[in-house]
Participant: 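Encoded as C-alpha cells, here's the structure I'll be asking about.
Small disclaimer: the values here were computed from a predicted structure and weren't measured.
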Amino acid sequence: MEAVKLEIRRPQIVNGIGLEPDPDWSFKSLLSELDSLEKKLNLSSSVSLPFAKTKSREIYGEKGTKRSSNAFVMRVSDEEFEDSEGENEEVRDRGLVKAARFNCNEFYFSSDDDSDDQPCLDVQTYLMNEVGLVESALYELTHEHQLGVKEEIRNTVSALETDLMNESEKSSSAHTKVEKYREARREVERKFDVQYQRRVAEGLDNHLTAVQRDHELKSQIEERKIRSDAAHEEAKRREKALQEERLRQEKAKAEAEAKLKAEEANRAALEAERIAAKEAAEKEAAKASKANTSEVPQTEASGGPNATSSRVENDKTNKSELAGNMLRAAESALKLERERLQKLKELEEINQSLRSSSNQNFDSTGRLIGRLIRQISGNKDKVSTQASELVKIFNNPRCPQTISIAYFAQKVVSNCESPSHSAFACAHVIVLVTSQFPQAMDLVLAEIHRACIYTVPKHISYTKSAFESKEAYWKVIGYKEDDGKIESTTDYLVRLDSYMKLYGALVQTEVAGCQNVHGLKEGWAWLARFLNALPANMYTAVALYAFLQMAGFALFRKYRSQFMKMLNFISENFLNALRSQDDPDLRPITSKIQCYLEDKLFLQEPEGRTLQSSLLSNNMAPESDYHGPYHQQSRHFY
C-alpha cells in the first residue's frame with residue numbers, strides 16, 4: 001500500500017488521553033486562541049479536570065539536540081490509518097478517546113531521557129482503563145464546546161480570509177487603475193515635452209542660423225576690409241621701400257663722390273707735399289739719414305723677409321719724402337689700396353647697371369648670403385658646409401655672379417661687428433670661397449680697407465688746416481655717424497679691433513688643398529709697412545696688438561729669427577714711443593703689448609685657430625676668448 005506523508009501536530013495530553021488537533025488550523029493565531037480557550041476552561045471549572053494541558057514533552061534528536069514541540073511529519077500506512085479510525089469510533093461510542101497510533105521509527109530518543117519513557121507507558125496503561133459517567137459526560141461537553149469554538153473560529157477565519165482577499169483584489173484593482181492613470185499622464189506629459197523640445201530646438205536652430213548668417217556676413221566684410229587694408233599697406237610699403245632705396249642709392253652715391261673728392265684732395269695734397277719735399281730735399285737729407293738708423297733691420301733669411309726688403313727700402317724713401325704730411329703710409333700700400341678700391345668701384349657700377357636693366361630684385365640673395373655668414377662657427381663641418389652653400393649661390397644663374405660676390409664681400413666684413421663673430425672660422429670660409437673665385441679676394445680686402453684704414457696700413461694725422469673740425473677728421477679715419485651723431489671712441493676702437501682680427505686671421509689661414517692668395521707673405525709685408533710708416537698712438541697700438549694676437553703665432557713659425565727682430569723693434573721703438581707720450585689712456589694697451597712680448601705669447605697657438613671637428617659648448621667657444629677680454633678692458637684704452 002502506498003505510504004502517504006501527513007503533517008500532524010504533536011497530541012496534547014489530558015489525563016493520559018491524547019487529543020488530535022484539527023488539521024485545518026494552519027495559522028499561529030489559531031493555536032494561540034486554542035491555548036487561551038483551554039486556560040479559560042481550566043480556570044472556570046471548580047473541579048480539578050484531568051484534561052488540563054500540561055507541559056508538552058521535550059523531544060531530543062540523535063545528537064542530544066532539543067527538537068521543537070510543533071508539528072512534525074510522520075509516515076502512516078493506509079491500513080493502520082483505517083484501523084486507528086475504527087478504534088477511535090469505538091472509543092467515542094464508549095465515551096472514551098483513544099490516542100492515534102503512529103510509527104515513529106524516524107525519531108531517535110536519547111537513551112538518557114528515562115523520565116520521558118515512563119510517562120508514555122503510564123499513558124498507555126491509563127487508556128486501557130474505563131472512566132466514570134460524570135467524567136465521560138464532562139468530557140463530552142468539553143469536547144462539543146471545543147468543537148463549537150473551533151467551528152466558530154474556523155468560520156471567523158474563513159470570513160476574514162474572504163474579506164482580506166476581497167480587499168486585496170480591490171486594492172490591486174485600484175492600484176492597477178492608478179498605475180494606468182499615471183502611465184497615461186506620463187505619456188501625455190512626454191508627448192507635450194517632445195513637442196515643446198521640438199519647438200525649442202526649431203527656434204534655437206533658426207536663431208543660430210540667423211546668427212551664423214550674420215557672422216558670415218560680418219566676416220566677409222572684415223575679410224574684404226583686411227584685404228583692402230593689406231593691399232593698401234603693401235602698396236605703401238613698396239613705395240616707401242622704393243623711396244628708401246632711392247635715398248640709399250643717392251646717399252651711397254653722395255658718399256662715394258665725397259670720398260672720391262677726399263681722395264683727390266689727398267692726392268693733390270700729396271703732390272703738393274712732394275713738390276715741397278723736393279724743394280726742401282737738402283734740408284731733409286740730415287733727417288732722412290737719422291731716420292735710417294732707427295729703421296727696422298733688414299732680414300737675411302730667404303722667402304718673405306727678403307722679398308719685402310726692397311719694398312722696405314722704398315718705404316723708407318717715401319717716408320722721408322712725406323715728412324710732415326698728414327697721410328702716413330707706404331706708397332706700395334697706397335697703390336694696392338687704390339687698385340682694390342678701383343676694382344670694387346667698377347664692380348659696383350656693373351652691378352648698378354645690371355639692377356637697372358633687370359626688373360628682378362636680388363635682395364633675397366643678399367639676405368641668404370648674410371644668413372649663411374652669420375651662421376659660421378668654429379666647427380670644421382659647419383665651415384665646409386657654409387662655404388659650399390656660398391659657392392652654389394655664386395654659380396646660380398638666377399643671380400649674376402658679380403652681385404653675389406659683392407654681397408659676399410659686404411656681408412663678411414660687416415659681420416665682424418657681431419658679438420658672435422668667429423674670426424678664424426670666417427677667414428677659413430673666405431679662403432675656401434676665394435680659392436675658387438680669386439677675384440673675390442681683392443673685393444673683400446677693398447671692403448676691409450674701406451671699413452678700417454689700418455688694414456692698408458695707413459694713418460691720417462689731424463691738422464686744423466686740412467679739416468674743418470674734429471668730427472670731419474673722425475669721419476675720414478672711419479668713425480660712424482648715426483642720426484648726425486658721431487660714435488664714441490670706445491665703439492670705434494672696438495670695431496677697429498674686430499676688423500684687424502679678421503685681417504690677421506685671414507693672412508695666417510692655411511687650408512689643405514686651397515691656395516690663400518693673401519697669405520703670410522702679405523702679413524709680413526703689412527707688419528713691415530706698419531712699423532716703417534705709422535706713428536705710435538692709440539689707434540695704431542690697438543691695430544698692432546689685434547694683428548699680433550691673430551697672426552703672431554703663424555709668423556713666428558715661418559720666419560723665426562726675422563720675426564723676433566720685428567718684435568725687438570716693437571719693444572725698443574714702438575713701445576718707447578707710446579710711453580714717451582705719458583698718456584694715461586695709453587697705459588692699458590701698452591701693458592698688453594709688453595705682456596705679449598715678455599710672456600712670449602706668440603709661442604702659443606691662439607684659441608680657435610684650429611677648427612673643431614664637433615660642435616663646442618658655450619664654455620669652449622673660441623671667439624669668447626678673443627672678444628671678451630678686449631670688450632671688458634677696452635675702456636682703459638682712452
Side-chain angles (χ1 to χ4, degrees), residues 256 259-260 263 304 307-308 311 315 329-351 369 373 376 387 390 394 401-417 421 423-460 477-478 495-511 514-530 533-534 543-544 546-547 550-551 554-555:
K259 205 165 203 180
L260 184 59
E263 291 177 357
T308 59
R311 290 200 295 269
D315 294 339
E331 181 61 27
S332 58
L334 293 175
K335 181 180 179 182
L336 290 173
E337 180 193 18
R338 285 194 296 269
E339 291 176 355
R340 290 164 183 164
L341 290 175
Q342 182 62 28
K343 290 180 181 179
L344 181 60
K345 181 180 178 181
E346 293 175 356
L347 183 71
E348 289 177 347
E349 292 176 354
I350 294 173
N351 292 340
I369 292 174
I373 292 174
I376 295 174
L390 290 170
F394 289 177
Q401 192 177 94
T402 55
I403 294 178
S404 300
I405 292 176
Y407 276 130
F408 171 72
Q410 293 173 5
K411 302 296 183 181
V412 79
V413 174
S414 63
N415 189 53
C416 291
E417 302 177 15
H421 170 67
F424 286 112
C426 194
H428 273 76
V429 172
I430 294 173
V431 172
L432 289 171
V433 172
T434 55
S435 64
Q436 300 188 40
F437 301 91
Q439 69 275 21
M441 180 61 80
D442 284 336
L443 301 176
V444 172
L445 293 172
E447 290 287 353
I448 295 177
H449 296 338
R450 181 185 288 180
C452 180
I453 62 174
Y454 297 98
T455 59
V456 175
K458 72 177 179 179
H459 174 70
I460 301 175
I477 65 174
R495 291 194 302 106
L496 189 154
D497 177 81
S498 300
Y499 292 129
M500 287 306 306
K501 283 185 176 179
L502 176 62
Y503 183 77
L506 177 61
V507 298
Q508 64 86 50
T509 298
E510 297 177 355
V511 180
C514 298
Q515 180 185 2
N516 185 355
V517 295
H518 196 80
L520 278 176
K521 180 180 177 181
E522 300 299 329
W524 179 268
W526 181 92
L527 186 57
R529 292 166 185 158
F530 181 91
L534 273 62
L544 177 62
F547 180 81
M550 309 303 283
L555 288 171

Participant: So which atom in Ala546 and which in Asp497 form the shortest heavy-atom distance, rounded to 0.1 Å?
Facilitator: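 That closest heavy-atom pairing would be CB-OD1, 3.4 Å.
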Participant: Rounded to the nearest 0.5 Å, what separation is found between the CD1 atom of Ile448 and the CD1 atom of Ile430?
Facilitator: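 So the gap between those two atoms works out to 6.0 Å.
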Participant: Nearest heavy-atom pair of Tyr499 and Thr455: which atoms, and what distance?
Facilitator: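 For Tyr499 and Thr455, the tightest heavy-atom pair comes out as O-CG2, 4.4 Å.
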Participant: Could you pull out all residues at least two apart from Lys335 that satisfy salt bridge (charged side-chain N to carboxylate O under 4.0 Å, His left out)?
Facilitator: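 For Lys335 there are no salt bridge (charged side-chain N to carboxylate O under 4.0 Å, His left out) partners, ignoring immediate neighbours.
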Participant: Find the distance between NE2 (His428) and CG (Leu506) and round it off to the nearest 0.5 Å.
Facilitator: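 Between His428 NE2 and Leu506 CG, I get 11.0 Å after rounding to 0.5 Å.
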Participant: Are the side chains of Glu349 and Lys345 in touch, meaning some heavy atoms are under 4.5 Å apart?
Facilitator: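 Yes; the side chains approach each other to less than 4.5 Å.
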Participant: As an exercise, state the distance from CH2 of Trp526 to CG of Leu544, rounded to the nearest 0.5 Å.
Facilitator: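 Atom-to-atom, Trp526:CH2 and Leu544:CG are 6.0 Å apart.
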Participant: Where do Ile369 and Ser404 come nearest, in terms of heavy atoms and distance?
Facilitator: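 Looking at all heavy atoms of both residues, the closest pair is CD1-O, 3.6 Å.
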Participant: Would you sort out whether Val429 and Val412 count as a side chain to side chain contact (heavy atoms under 4.5 Å, CB included), showing the intermediate values?
Facilitator: CA-CA 9 Å; Val429 172; Val412 79; over 6 Å; no
Participant: According to salt bridge (charged side-chain N to carboxylate O under 4.0 Å, His left out), who are the partners of Glu346, at least two apart in sequence or on a separate chain?
Facilitator: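 Partners of Glu346 under the salt bridge (charged side-chain N to carboxylate O under 4.0 Å, His left out) test: none.
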Participant: Could you pull out all residues at least two apart from Phe408 that satisfy ring-ring contact (aromatic ring centres under 6.0 Å, His included)?
Facilitator: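 Partners of Phe408 by the ring-ring contact (aromatic ring centres under 6.0 Å, His included) criterion, ordered by chain and then number, come out as Phe394.
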Participant: Quick check: do Glu417 and Ser498 have side-chain heavy atoms less than 4.5 Å from each other?
Facilitator: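 Sidechains of Ser498 and Glu417: no contact.
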Participant: What heavy-atom pair brings Ala505 and Phe424 nearest, and what distance separates the two atoms?
Facilitator: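 That would be CB-CD2, 3.9 Å.
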Participant: Tell me, please, which residues at least two apart from Lys343 pass side chain to side chain donor-acceptor pair (under 3.5 Å).
Facilitator: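 So Lys343 forms a side chain to side chain donor-acceptor pair (under 3.5 Å) with Asp442.
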Participant: Grab the two heavy atoms, one from Ala427 and one from Leu502, that are nearest each other, plus how far apart they are.
Facilitator: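 Scanning both residues completely, I find the closest heavy atoms to be N-CD1, 4.5 Å.
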Participant: If I take atom CG from residue Asn351 and atom OG1 from residue Thr402, how far apart are they, to the nearest 0.5 angstrom?
Facilitator: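 Asn351 atom CG to Thr402 atom OG1 measures 4.0 Å (nearest 0.5 Å).
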Participant: Backbone N or O of His449 within a donor-acceptor pair of the Arg340 side chain at under 3.5 Å?
Facilitator: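 Checked: no pair found.
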Participant: Working to the nearest 0.5 Å, report the span between CE of Met500 and CE of Met550.
Facilitator: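 That separation rounds to 10.5 Å.
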Participant: Looking just at side-chain N and O atoms, do His518 and Tyr503 make a donor-acceptor pair shorter than 3.5 Å?
Facilitator: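 Per modelled atom types, His518 and Tyr503 side chains form a pair under 3.5 Å.
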Participant: With Tyr454, which residues qualify under ring-ring contact (aromatic ring centres under 6.0 Å, His included), at least two apart?
Facilitator: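 For Tyr454, the residues satisfying ring-ring contact (aromatic ring centres under 6.0 Å, His included) (neighbours in sequence not counted) are His459.
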Participant: Surrounding CD of Gln515 (heavy atoms of other residues, nucleotides or ligands, distance under 6.0 Å), is the total greater than 12?
Facilitator: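 Result for CD/Gln515: open.
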Participant: Under 3.5 Å, is there a donor-acceptor pair between the side chain of Asn516 and the main chain of Thr509?
Facilitator: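 Yes, because the side chain of Asn516 sits within donor-acceptor range (under 3.5 Å) of the backbone of Thr509.
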Participant: Are Ile373 and Tyr407 close enough that some pair of their side-chain heavy atoms sits under 4.5 Å apart?
Facilitator: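 No, every pair of side-chain atoms sits at 4.5 Å or beyond.
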Participant: Which heavy atom in Leu496 sits nearest to a heavy atom in Cys452, and how many Å separate them?
Facilitator: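 Looks like CG-SG, 4.0 Å.
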Participant: Let me confirm one number: the CD1-CD1 distance from Ile460 to Ile453, rounded to the nearest 0.5 Å.
Facilitator: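 Those atoms lie 4.5 Å apart.
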Participant: Under 4.0 Å between a Lys/Arg side-chain N and an Asp/Glu carboxylate O for Arg450 and Glu348?
Facilitator: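 Counted as a salt bridge, because a side-chain N and a carboxylate O are separated by less than 4.0 Å.
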Participant: Evaluate Leu445 against Glu522 for side chain to side chain contact (heavy atoms under 4.5 Å, CB included), listing each step before the verdict.
Facilitator: CA-CA 12 Å; Leu445 293 172; Glu522 300 299 329; over 6 Å; no
Participant: Side chain to side chain donor-acceptor pair (under 3.5 Å) with Glu447: which residues, sequence neighbours excluded?
Facilitator: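 With sequence neighbours excluded, Glu447 shows a side chain to side chain donor-acceptor pair (under 3.5 Å) to no residue whatsoever.
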